[in-house]
Amino acid sequence: CVVWASQWAGLAFRPKVGQKVVCSGRVGLYAPQGSLQLYVNTVRPVGDGALAAKLEQIKARLDADGLLDPRRKRALPRFPRTVGIATSLTGAALQDFLKVAATRWPARLLVAGCTVQGQDAAASVVRALELLFEDGRSEVIVVTRGGGAKLDLLPFHDETLARWIATAPVPIVSAVGHEIDTSIADLVADAIAATPTAAAVLVLPDALELKRRTDQA
């Protein structure tokens, strides 16, 4: 496949090494040598390439609105009295969070159940956040799920969900159980935790350590 410099300059999508694409153009045959070439005039991404292009477009729109500016990130409350959690009621993520929370700080935990995987997951998480916002007691909210494959985490690349997280009235922690890929939810959240367990450690102080320090003082 060949792309002339004049065509390359006008391409809307320019592939990088390793990306899968579909190319169209015209076929050229040089009969004396039996060589066949495709002279490319359009290139479009497919598979991971198409997803990457879509995510870059979402990031560009969020960035244009100032939602990716690190200066807008807020500090988490040091001693939260109430923590909201948006997650599946049946998943391991909730149990992991509750197990760690029980050993740390005696905060009230408000859980808004939602779907965290599949086509309707993003809208379900948005609804859970809406309920926690309406309740008004949460001083910090954790959006969490367990680990999964890249496709399982697609709901957390949703632009509508990202905008809800970015404009939340209280700090949001994104803890969607991945340590390699960065989701768009991560980019707009006020803080990131690699796992639900790490999220509990992040938002809840260590009461035993605080007691020890107080006794020493």
Side-chain angles (χ1 to χ4, degrees), residues 12-13 15-16 18-22 43-65 67-68 83-98 109-135 138 140-200 203:
F13 173 76
K16 295 180 175 60
Q19 290 182 319
K20 295 181 179 180
V21 297
V22 171
V43 180
R44 63 181 177 85
V46 294
D48 289 346
L51 175 59
K54 179 181 178 181
L55 297 185
E56 287 303 319
Q57 292 170 358
I58 294 174
K59 291 177 188 178
R61 289 193 292 268
L62 295 174
D63 191 34
D65 292 339
L67 301 182
L68 300 185
V83 176
I85 309 169
T87 191
S88 169
L89 298 179
T90 59
L94 177 59
Q95 298 307 315
D96 290 346
F97 189 98
L98 295 177
L109 304 179
L110 299 179
V111 182
C114 56
T115 302
V116 293
Q117 184 170 325
Q119 185 176 354
D120 300 325
S124 182
V125 176
V126 166
R127 179 55 181 157
L129 289 175
E130 188 176 22
L131 290 172
L132 291 170
F133 296 166
E134 290 175 354
D135 178 84
S138 299
V140 58
I141 295 174
V142 177
V143 177
T144 187
R145 60 153 287 158
K150 182 179 292 187
L151 291 179
D152 294 338
L153 303 178
L154 282 179
F156 297 93
H157 291 301
D158 182 81
E159 183 173 355
T160 300
L161 173 57
R163 291 182 179 277
W164 272 81
I165 292 174
T167 58
V170 297
I172 301 286
V173 175
S174 175
V176 296
H178 57 86
E179 299 192 26
I180 299 176
D181 298 315
T182 299
S183 71
I184 290 178
D186 290 341
L187 297 179
V188 296
D190 295 284
I192 306 169
T195 63
T197 297
V203 301

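Count residues from 1 along the sequence.
Annotation: side chain of Arg145 is in contact with side chain of Asp152 (closest heavy-atom distance under 4.5 Å). In this structure the side chain of Asp186 never reaches within 4.5 angstrom of the side chain of Phe156, judged on heavy atoms. The shortest side-chain heavy-atom distance between Val203 and Val142 falls under the 4.5 Å cut-off. When side chains are defined from C-beta on, Leu129 counts as touching Leu161, because their heavy atoms get closer than 4.5 Å.
Thr195 contributes atom OG1, which lies 10.5 Å from atom CZ of Phe97 (distance to the nearest 0.5 angstrom). Taking CG of Leu109 as the start and CG of Leu94 as the end, the distance is 9.0 Å to the nearest 0.5 Å. Atom SG of residue Cys114 and atom CG of residue Asp120 lie 12.0 Å apart, to the nearest 0.5 angstrom. A distance of 9.5 Å separates CG in Leu89 from OG1 in Thr115, rounded to the nearest 0.5 Å. Going from atom OG of Ser183 over to atom CD1 of Ile165 covers 7.5 Å, rounded to the nearest 0.5 Å. In this structure, CG in Asp190 is found 7.0 Å from CD1 in Ile172, a value given to the nearest 0.5 Å.
Of the possible donor and acceptor atoms, one in the side chain of Thr87 sits under 3.5 Å from a partner among the backbone N and O of Thr144. For Asp65 (side chain) and Leu67 (main-chain N/O), no donor-acceptor pair under 3.5 Å exists by modelled atom type. Using a distance-only test at 3.5 Å, with no hydrogens or angles considered, no donor-acceptor pair links the side chain of Asp158 to the main chain of Pro155. Thr167 contributes a side-chain N or O that, together with a main-chain N or O of Arg163, makes up a donor-acceptor pair within less than 3.5 Å.
Residue Val116 comes nearest to Ser88 through the heavy atom pair CG1-N, 3.9 Å, listed as atom of the first residue, atom of the second, then distance.
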key: Worked verdict on Val125 versus Trp164 for side-chain contact (heavy atoms from CB on, under 4.5 Å)   = CA-CA 10 Å; Val125 176; Trp164 272 81; over 6 Å; no

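Only one option out of Leu132, Val83, Ile85 pairs with Val111 in a side chain to side chain contact (heavy atoms under 4.5 Å, CB included); it is Ile85. The side chain to side chain contact (heavy atoms under 4.5 Å, CB included) test with Glu159 singles out one residue from Val188, Ile58, Ile184, and that residue is Ile58.
Residue Glu134 qualifies as enclosed at atom CD: its count of foreign heavy atoms under 6.0 Å is above 12.
Remark: Leu154 engages Leu51, Leu151, His157 in a side-chain contact (heavy atoms from CB on, under 4.5 Å) (not counting sequence neighbours).
No donor-acceptor contact under 3.5 angstrom links the side chains of Asp96 and Thr197, judged on distance only.
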